[in-house]
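Let me begin by presenting the structure, written as structure tokens, before commenting on it.
Being a predicted model, the structure only gives us computed values, none of them experimental. Heavy-atom basis, side chains included; hydrogens, waters and symmetry copies ignored.
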Amino acid sequence: METVYTEKSFGGTQGVYRHSSDVTGCDMGFALFLPPQAQDGPVPVLWYLSGLTCTHANVMEKGEYRRAAAELGMAVICPDTSPRGSHVPDEDDWTFGSGAGFYIDATEAPWSANYRMFSYISQELPAVVAAHFPLRMDRQGIFGHSMGGHGALIMALRHSDRFRSCSAFAPITSPSQADMPAAAFARYLGPDRDGWRAYDSVALIEDGHGFPEILVDQGDADNFLEMLLPQRLEAACRGGLTNLTLRMQPGYGHAYYFVSTFMEDHLRWHAARLCDDI
């Protein structure tokens, strides 16, 4: 693993790292903030998954998470959103290809060779960071924004034994039922919609998956509400295995102005579930 750079911040260390991934078949970058408490021993881990067009840098530069993470004693890991490289297939389209991996494992050529972000986030990258940093891998939470909120939800629902907390900012809740993500799913996963259900949080809940508690913040002035469909997630969770707290935030849109406003709320939500008995 290569250290791209590190900077001291709020007594901790913000680093950017790169490693060769067997899962995606290319070099992958990620950001990791270690709070000052990591100097004394392993700390809980909070994964942040970013949205369409983003890399690790968007939340690292705009998300305003380090001060609260340092206070609360949590590491924050920010992976990339897709494989990248000259040999990785791509298209000149912000909704598909580079920056738009949707946190799924593609099954259709040529995307299936590299676009395996579900396996990368859920299996390979946790093993990499556990081998190199002082992390409590028995105390993991996950959250994300937009496409990354979708990723956080499906990761938590499919790995409820691993994650102790989950939240999301303006997540794509039902990609199978929204035109833009459905078009990407068709190309990554093929036309059989039954195969899409494993990567659709509403479908997963309908199929019996659950998670104890999920916090979702959604701006009511978000231009992408017809794609995000928070009402479908709310309906799926009603009376089921998942206790959803959905907060519609008046006047907020989709950008990082919204995310950064509620970032500390989410960090404290996770800390209450990851750090409460440390």
**Prompt:** Should F169 and H150 be marked as a ring pair (Phe, Tyr, Trp, His ring centres under 6.0 Å) after you check the CA-CA gap, both sets of side-chain angles, and the distance that decides it?
**Reply:** CA-CA 9 Å; F169 304 98; H150 142 76; over 10 Å; no
**Message:** I'd like to know if the side chain of S82 and the backbone of G99 have a donor-acceptor N/O pair within less than 3.5 Å.
**Reply:** yes
**Message:** Can you confirm whether the side chains of R232 and S174 place a donor and an acceptor under 3.5 Å from each other?
**Reply:** yes
**Request:** Please indicate whether Q231 has more than 12 foreign heavy atoms, meaning atoms of other residues, nucleotides or ligands, lying under 6.0 Å from its CD.
**Result:** yes
**Request:** Would you tell me whether Q249 and D217 have side-chain atoms, one donor and one acceptor, within less than 3.5 Å of each other?
**Result:** yes
**Complete:** Closest non-hydrogen contact found for N114 with G25 is ND2-O, 3.9 Å
**Asked** side-chain contact (heavy atoms from CB on, under 4.5 Å) between T13 and K8: does it pass, once the steps are laid out?
**Response** CA-CA 5 Å; T13 302; K8 187 170 183 177; 5.7 Å; no
**Item:** CZ (R18) with more than 12 external heavy atoms under 6.0 Å
**Value:** no
Identify all side-chain donor-acceptor contacts of residues 41-55 below 3.5 Å with residues at least two apart in sequence or on another chain.
residue : atom : partner : partner atom : Å
W47     : NE1  : Q140    : OE1          : 2.8
Y48     : OH   : Y256    : OH           : 2.9
T55     : OG1  : A57     : N            : 3.0

**Request:** Please check if the distance between the ring centroids of Y257 and Y252 is under 6.0 Å.
**Result:** no
**Item:** Carboxylate-amine/guanidinium contact R187 E91, below 4.0 Å
**Value:** yes
**Asked** Do the side chain of R162 and the main chain of S122 share a donor and acceptor less than 3.5 angstrom apart?
**Response** yes
**Prompt:** V23 versus Q123: any side-chain heavy-atom pair under 4.5 Å?
**Reply:** no
**Request:** Answer yes or no: is there a side-chain heavy-atom contact under 4.5 Å between S201 and L157?
**Result:** yes
**Prompt:** Distance-only, no hydrogens or angles: does the E234 side chain make a donor-acceptor pair with backbone N or O of L246 under 3.5 Å?
**Reply:** no
**CH2-CZ distance between W196 and F102, expressed to the nearest 0.5 angstrom** = 11.0 Å
**Message:** For H270 and S167, which I'm curious about, is there any donor-acceptor pair between the side chains at under 3.5 Å?
**Reply:** yes
**Request:** Check the hydrophobic clustering (I, L, V, M, F, W, Y; side-chain heavy atoms under 4.5 Å; chains of links allowed) and say if M1 and L135 are grouped together.
**Result:** yes
**Request:** May I have the step-by-step check of side-chain contact (heavy atoms from CB on, under 4.5 Å) for R268 and L72, ending in yes or no?
**Result:** CA-CA 8 Å; R268 294 191 182 282; L72 298 166; 3.5 Å; yes
**Request:** Start with the C-alpha distance between E264 and E64, add both sets of side-chain angles, then the distance that settles side-chain contact (heavy atoms from CB on, under 4.5 Å), and finish with yes or no.
**Result:** CA-CA 8 Å; E264 184 171 342; E64 302 181 19; over 6 Å; no
**Message:** Does any part of the side chain of C237, heavy atoms only, come nearer than 4.5 Å to the side chain of I205, both counted from C-beta?
**Reply:** yes
**Asked** With a 4.0 Å cut-off, would you call D138 and R164 a salt bridge?
**Response** no
**Complete:** Scanning both residues in full, the closest heavy-atom pair of G190 with E108 reads N-CG, 3.3 Å
**Message:** Could you check whether atom CG of D179 has more than 12 heavy atoms from other residues, nucleotides or ligands sitting under 6.0 Å from it?
**Reply:** no
**Message:** Looking only at the side chains, is there a donor atom on one of R116 and T24 sitting less than 3.5 Å from an acceptor on the other?
**Reply:** no
**Single hit among M74, R66, E7, M60 for side chain to side chain contact (heavy atoms under 4.5 Å, CB included) with F33** = R66
**Message:** Can you confirm if the aromatic rings of Y65 and F10 lie within a centre distance of less than 6.0 Å?
**Reply:** no
**Asked** Can you name the closest pair of heavy atoms from T242 and G210 and give their distance?
**Response** OG1-CA, 3.3 Å
**Item:** T245 versus E213, side-chain donor and acceptor atoms under 3.5 Å
**Value:** no
**Request:** Measure the OG-CG distance between S165 and L274 for me, rounded to the nearest 0.5 Å.
**Result:** 4.0 Å
**Asked** For the residue pair Y199 and Y103, is the inter-centroid distance of their aromatic rings smaller than 6.0 Å?
**Response** no
**Message:** Would you say CD of E226 has more than 12 non-hydrogen atoms from neighbouring residues, nucleotides or ligands within 6.0 angstrom?
**Reply:** no
**Message:** Would you compute the distance between atom CZ of F211 and atom CZ of R158 and round it to the nearest 0.5 angstrom?
**Reply:** 14.5 Å
**Message:** Could you report the tightest heavy-atom contact between P110 and P89, atom names first, then the distance?
**Reply:** O-CG, 3.7 Å
**Item:** side-chain hydrogen bond (donor to acceptor under 3.5 Å, both in side chains) assessment of Q14 paired with T6
**Value:** CA-CA 6 Å; Q14 176 66 70; T6 60; over 6 Å; no
**Prompt:** For the residue pair H254 and F224, is the inter-centroid distance of their aromatic rings smaller than 6.0 Å?
**Reply:** yes
**Prompt:** Under a single-linkage definition using a 4.5 Å side-chain heavy-atom cutoff for Ile, Leu, Val, Met, Phe, Trp and Tyr, are I121 and L32 assigned to the same hydrophobic cluster?
**Reply:** yes
**Item:** Shortest non-hydrogen contact from H145 toward A170
**Value:** CD2-CB, 4.4 Å
**Request:** Find the distance between CG (L189) and CG (D194) and round it off to the nearest 0.5 Å.
**Result:** 12.0 Å
**Prompt:** Out of curiosity, H56 NE2 to I77 CD1, how far, rounded to the nearest 0.5 Å?
**Reply:** 13.5 Å
**Message:** Assess the residue pair D90 and R84 against the criterion (salt bridge (charged side-chain N to carboxylate O under 4.0 Å, His left out)); give the C-alpha distance rounded to whole Å, side-chain angles, the decisive distance to 0.1 Å, and a yes or no.
**Reply:** CA-CA 9 Å; D90 190 15; R84 300 177 192 270; over 6 Å; no
**Message:** When you group the ILVMFWY residues by side-chain heavy-atom contacts below 4.5 Å and let the links chain together, are V128 and Y17 in the same group?
**Reply:** yes
**Prompt:** Name the one of I154, L153, L204 that satisfies side chain to side chain contact (heavy atoms under 4.5 Å, CB included) with H209?
**Reply:** L204
**Message:** When you measure from the side chain of R273 to the backbone of W269, do you find a donor-acceptor pair of N or O atoms at a distance under 3.5 Å?
**Reply:** yes
**Request:** Would you mind reporting whether Q39 and L34 have side-chain heavy atoms less than 4.5 Å apart?
**Result:** no
**Asked** Is there a ring pair (Phe, Tyr, Trp, His ring centres under 6.0 Å) between H159 and F118 once you walk through the steps?
**Response** CA-CA 11 Å; H159 292 289; F118 188 89; 5.8 Å; yes
**Message:** Grouping I, L, V, M, F, W and Y whenever their side-chain heavy atoms are under 4.5 Å apart, do L125 and F133 come out in a common cluster?
**Reply:** yes
**Prompt:** Hey, mind stepping through D207 and R197 against side-chain contact (heavy atoms from CB on, under 4.5 Å) and telling me if it holds?
**Reply:** CA-CA 9 Å; D207 291 345; R197 297 184 70 82; 2.9 Å; yes
**Prompt:** Which atoms form the tightest heavy-atom contact between S21 and M28, and what is the distance?
**Reply:** CB-CG, 3.7 Å
**Prompt:** Hey, does the side chain of D200 reach the backbone of S176 with a donor-acceptor pair shorter than 3.5 angstrom?
**Reply:** yes
**Message:** Test of understanding: clusters of I, L, V, M, F, W, Y form through side-chain heavy atoms closer than 4.5 Å, transitively. Do L233 and M227 belong to the same one?
**Reply:** yes
**Asked** If you round to the nearest 0.5 Å, how far is CG of L228 from OG1 of T173?
**Response** 7.5 Å
